[in-house]
Amino acid sequence: MGMIKVDDFDLQCTLESGQIFRFREINGWYYVSARDKLFKIRQLKNKIEFHGVDQKFIVYYFSLDEEHTKILEEINKDPFINKAIMEHRGLRLIRQDPWECLVAFICSSASNIPRITSKLNSLSQFFGKKQRLDDYTNFAFPLPGKINDYEKIKEAKTGFRAKYIFETNNTIDYERLNSLKTLPYQSAKDELKKFNGVGDKVADCTLLFSLGFYQAFPVDTWIKKIIQQRYFNNKTVPNKTINNFGMDYFGRYAGYAQQFLFVFSRMNGNT
DNA sequence: AGACAGGGGAGTG
DNA sequence: CACTCCCCTGTC
């Protein structure tokens, strides 16, 4: 158990911003599954309280050690992004496990959050180890190599993504994933895109959420919508154009800008 | 009730 | 680049 004082951190906004999928709120606590870890956490004003992992992990996982103020200053390029930042002050990027992150975003294609959660929980249940915290039971996310039964993967309702997950599981390991951290952005992205089921968006999510590439600017339909509306005079442009624009305009922490815009766009509906 | 789209990607042309 | 299909589920 532990308790930390935090500044500029909003637990709920961070957890519910579409970065991670395996968490659940019970009686004021968030129970969070992160690869092989299961912990619970809650926020009371500027304090967070947690059980199940040590403080070092919490600080790392929720990016509490970063120069947050400086990052916000760097991406704060205009009144609109400023508004998005102010409305969702405390939103942080989570530092995920790269393997779980990659599979999660392969599952995300043409899907939505509840269904992604369902797929990941089923995969964990079928291939991972059972865990318990208080009266809450869940399953650890299986290691690479463990998600090796194609029929079971289908059973997790992964649909056409089943073959992608199966192939990726059989060819990837942590050494290969972690080695991507040392590559330049574009090379790391190209490497990820070699996996079936991984295109620009899934690669960028994996790079941003789990491999430390803060310049990555994932383009999904929400980001496409808001960027076109605010920066392209509401004209339809290719995703590649939006990707390039985001990285050029917001700079080395473009991924943070993307996260604020994503939450802002979703909160404000599809108008 | 059946068509349709949903926080992409691959395979075509 | 534009277009279609991919599996599945909830929705109108």
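Side chains included, hydrogens not; waters and symmetry mates left out as well; all remaining heavy atoms used. Proteins come first, then strands; the chains are lettered A, B, ... in the order of their sequence lines, and each starts at number 1.
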*Asks:* For DNA chain B, what residues of residues 102-112 of chain A have any heavy atom nearer than 4.0 Å?
*Replies:* A:S109, A:A110, A:S111, A:N112
*Asks:* Please list every donor-acceptor pair under 3.5 Å in which a side-chain atom of residues 48-62 of chain A meets a protein atom from a residue at least two apart or in another chain.
*Replies:*
residue, atom, partner, partner atom, Å
A:E49, OE1, A:R42, NE, 3.0
A:E49, OE1, A:R42, NH2, 3.0
A:D54, OD1, A:K56, N, 3.4
A:D54, OD1, A:F57, N, 2.9

*Asks:* Would you sketch DNA chain C in dot-bracket for me? Only Watson-Crick or G-U wobble pairs with both distances under 3.5 Å count, crossing pairs as [ ], other-strand pairs as |, the rest as dots.
*Replies:* ||||||.|||||
*Asks:* Pick the P atom in C:dC7 and in B:dT12, then give their distance to the nearest Å.
*Replies:* 15 Å
*Asks:* What side chain to side chain donor-acceptor pair (under 3.5 Å) pairs are there with at least one residue in residues 120-132 of chain A, not counting sequence neighbours?
*Replies:* A:R22-A:S124
*Asks:* Starting at atom NZ of A:K240, determine the distance to atom P of B:dG8, rounded to an integer number of angstrom.
*Replies:* 17 Å
*Asks:* Could you list the donor-acceptor pairs under 3.5 angstrom formed between side-chain atoms of residues 209-216 of chain A and any protein atom two or more places apart in sequence or on another chain?
*Replies:*
residue, atom, partner, partner atom, Å
A:S210, OG, A:T206, O, 2.7

*Asks:* Output the residues of residues 193-205 of chain A in contact with DNA chain B, where contact means a heavy atom of the residue under 4.0 Å from an atom of the strand; sort by number or write none.
*Replies:* A:F195, A:N196, A:G197, A:V198, A:G199, A:D200, A:K201, A:V202
*Asks:* Please give the distance between the P atoms of C:dC5 and B:dC4 as a whole number of Å.
*Replies:* 12 Å
*Asks:* For A:Y31, run the side chain to side chain donor-acceptor pair (under 3.5 Å) check against A:T137, A:N138, A:D134 and tell me which one passes.
*Replies:* A:D134
*Asks:* May I ask you to check whether A:F260 and A:F80 place their ring centers less than 6.0 Å from one another?
*Replies:* no
*Asks:* Centroid separation under 6.0 Å, is that true for the rings of A:H68 and A:Y256?
*Replies:* yes
